[in-house]
Participant: 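One structure, pasted below without further comment.
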Amino acid sequence: MSADGLASFGYELGLLKRVRRSGWWHAGVRDPESVGEHSLRAAQLAALIAAEEGASPERAAFLAVWHDTQETRTGDLPLTAVDYLEKPQPRAITADQTAHLPDRSRELVRDAVDEYETRESAEALCAKDADKLEMLLQALEYRDVGVRRVDEWIESARKGLTTETAKRIAEAALTLSPMAWRNPGPGR
């Protein structure tokens with residue numbers, strides 16, 4: 001076992017707490033969420049979506065946890081960079097990141113990233129929808145505190161959703177008042 005490799009990768013993953021979701025700067029957000037913050041809520045949403053879709057909540061959440069770990073190496077590239085850069089290949093970055101991990105850990109992470117990127121399993125579809133849905137919720141939260149240029153994020157997220165559960169959650173989020181989470185209504 002390579003404890004050094006595991007410790008080193010653990011330190012690298014800590015960068016996700018400091019890497020900011022840079023696209024939000026274009027919308028006027030001064031201090032956007034970190035990739036780590038985004039990934040946490042995406043994983044939580046993935047579990048909920050998967051539970052409603054009859055998929056494995058644990059697996060969907062696990063895939064969502066790993067979906068942006070490559071951004072420790074690339075940062076969060078905004079959509080405006082797409083025309084000027086080649087899209088980073090998540091599998092290749094993950095292969096480099098995990099090269100010094102013990103075999104089981106290396107395969108665990110690489111398999112999760114591959115499944116997420118392939119999007120052939122129900123859990124991968126739920127995790128991808130959670131990624132989009134998290135962005136939509138974040139856009140709504142930023143709008144609620146006065147950021148005005150978030151409509152393109154909301155529309156992009158809505159268009160990218162594939163599961164019926166995620167589509168229903170998005171529609172509900174768009175109709176709820178900003179303080180609805182404090183008083184969700186009957187059945188509380």
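No hydrogens, no waters, no symmetry mates; every other heavy atom, side chains included, goes into these values. Sequential numbering from 1 along the given sequence is applied to the chain's residues.
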Participant: Check whether any side-chain N or O of D129 sits under 3.5 Å from a backbone N or O of T163 as a donor-acceptor pair, and report yes or no.
Facilitator: yes
Participant: On a heavy-atom basis, which atom in A55 and which in A122 lie closest, and how many Å separate them?
Facilitator: CB-CB, 3.9 Å
Participant: Any pair with a residue in residues 53-66 that passes salt bridge (Lys or Arg N to Asp or Glu O under 4.0 Å), sequence neighbours left out, goes on the list, sorted by first then second residue, please.
Facilitator: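 Passing the test, one end in residues 53-66: R59-E115.
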Participant: Could you tell me the separation between the CD1 atom of I169 and the CG atom of L45, rounded to the nearest 0.5 Å?
Facilitator: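 Output value for this atom pair is 6.5 Å.
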Participant: Same cluster for I93 and L63 if Ile/Leu/Val/Met/Phe/Trp/Tyr side chains link at under 4.5 Å?
Facilitator: no
Participant: Give the minimum heavy-atom separation between G23 and D76, together with the two atoms involved.
Facilitator: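 In terms of heavy atoms, the two residues are closest at N-OD2, 3.8 Å.
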Participant: Between S34 and R20, is the side chain to side chain donor-acceptor pair (under 3.5 Å) condition met? List the steps.
Facilitator: CA-CA 4 Å; S34 71; R20 297 289 163 195; 4.6 Å; no
Participant: Rounded to the nearest 0.5 Å, how far apart are OG1 of T80 and CG of L85?
Facilitator: 9.0 Å
Participant: Considering only residues two or more places apart or on different chains, which pairs with a residue in residues 83-103 satisfy ring pair (Phe, Tyr, Trp, His ring centres under 6.0 Å)?
Facilitator: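 For residues 83-103: none.
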Participant: Suppose we screen for ring-ring contact (aromatic ring centres under 6.0 Å, His included). Which residues come up paired with W24, at least two apart in sequence or across chains?
Facilitator: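 Partners of W24 by the ring-ring contact (aromatic ring centres under 6.0 Å, His included) criterion, ordered by chain and then number, come out as Y142, W153.
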Participant: Is the shortest heavy-atom distance from the side chain of T94 to the side chain of Y116 under 4.5 Å?
Facilitator: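 No, side chains not in contact.
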Participant: Consider only side-chain N and O atoms of E12 and T72, and report whether a donor and an acceptor are under 3.5 Å apart.
Facilitator: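 On atom types as modelled, these side chains qualify, holding a pair under 3.5 Å.
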Participant: Going by salt bridge (Lys or Arg N to Asp or Glu O under 4.0 Å), name the pairs with one or both residues in residues 60-72, residues two or more places apart or in two chains.
Facilitator: R21-D68
Participant: Group every Ile, Leu, Val, Met, Phe, Trp and Tyr by side-chain heavy-atom contacts under 4.5 Å, then state whether L6 and W66 land in the same group.
Facilitator: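 Both belong to a single hydrophobic cluster.
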Participant: Is it possible for you to say whether L125 and L48 belong to one hydrophobic cluster, with membership spreading through side-chain heavy-atom contacts below 4.5 Å?
Facilitator: no
Participant: So which atom in L140 and which in A173 form the shortest heavy-atom distance, rounded to 0.1 Å?
Facilitator: CD1-O, 3.7 Å
Participant: With a 4.5 Å limit on heavy-atom distance, are the side chains of P88 and L77 in contact?
Facilitator: yes
Participant: Would you say the side-chain atoms of S105 pair up with the backbone N or O of P102, donor to acceptor, closer than 3.5 Å?
Facilitator: no
Participant: Tell me, yes or no, whether the heavy-atom count around K167 atom NZ, taken from other residues, nucleotides or ligands under 6.0 Å, exceeds 12.
Facilitator: yes
Participant: Salt-bridge test for K128 and E117: reply yes if a basic N is under 4.0 Å from a carboxylate O, no otherwise.
Facilitator: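 No, no charged N to carboxylate O under 4.0 Å.
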Participant: Which pair of heavy atoms, one from A50 and one from S56, lies closest together, and at what distance?
Facilitator: CB-O, 3.7 Å
Participant: Side chain to side chain contact (heavy atoms under 4.5 Å, CB included), that's the test. Do C126 and E52 meet it? Break it down for me.
Facilitator: CA-CA 10 Å; C126 292; E52 296 302 317; over 6 Å; no
Participant: Give the minimum heavy-atom separation between A46 and A130, together with the two atoms involved.
Facilitator: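 Looks like N-CB, 3.3 Å.
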Participant: Ignoring hydrogens, what is the shortest heavy-atom contact between A95 and R110? Give both atom names and the distance.
Facilitator: O-NH2, 2.8 Å
Participant: Taking atom CG of L136 and atom CG of L161, what is their separation to the nearest 0.5 Å?
Facilitator: 7.5 Å
Participant: Could you give the distance from CD (E152) to CG (L79), rounded to the nearest 0.5 Å?
Facilitator: 7.5 Å
Participant: Looking at E37 and K17, is any side-chain nitrogen of the basic one under 4.0 Å from a carboxylate oxygen of the acidic one?
Facilitator: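 The answer is no: the pair does not qualify as a salt bridge.
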Participant: Taking the basic N atoms (NZ, or NE/NH1/NH2) and the acidic carboxylate oxygens, is any pair closer than 4.0 Å for D103 and R106?
Facilitator: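 Looking at D103 and R106, the cut-off is met.
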Participant: Apply ring-ring contact (aromatic ring centres under 6.0 Å, His included) to H38 and list each qualifying residue two or more places apart in sequence or on a separate chain.
Facilitator: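 For H38 the ring-ring contact (aromatic ring centres under 6.0 Å, His included) partners, ignoring immediate neighbours, are H67.
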Participant: Is there a path of hydrophobic side-chain contacts, each under 4.5 Å between heavy atoms of I/L/V/M/F/W/Y residues, joining L13 to F62?
Facilitator: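 In one cluster: yes.
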Participant: Output, in order, the C-alpha distance, side-chain angles, deciding distance and verdict of side chain to side chain contact (heavy atoms under 4.5 Å, CB included) for I154 and R158.
Facilitator: CA-CA 6 Å; I154 292 168; R158 287 177 75 193; 4.2 Å; yes
Participant: If I take atom CG from residue D151 and atom CZ from residue R143, how far apart are they, to the nearest 0.5 angstrom?
Facilitator: 6.5 Å
Participant: Working note: Q138 + R41, criterion side chain to side chain contact (heavy atoms under 4.5 Å, CB included); need CA distance, chi angles, decisive distance, verdict.
Facilitator: CA-CA 10 Å; Q138 188 63 64; R41 183 161 59 174; 3.4 Å; yes
Participant: Per the salt bridge (Lys or Arg N to Asp or Glu O under 4.0 Å) rule, what does the pair list look like for residues 88-98, sequence neighbours excluded?
Facilitator: R91-D114
Participant: Should V147 and M135 be counted in the same cluster of Ile, Leu, Val, Met, Phe, Trp and Tyr side chains packed under 4.5 Å apart?
Facilitator: yes
Participant: Can you tell me how far apart CD (Q70) and CG (L16) are? Round to the nearest 0.5 Å.
Facilitator: 9.0 Å
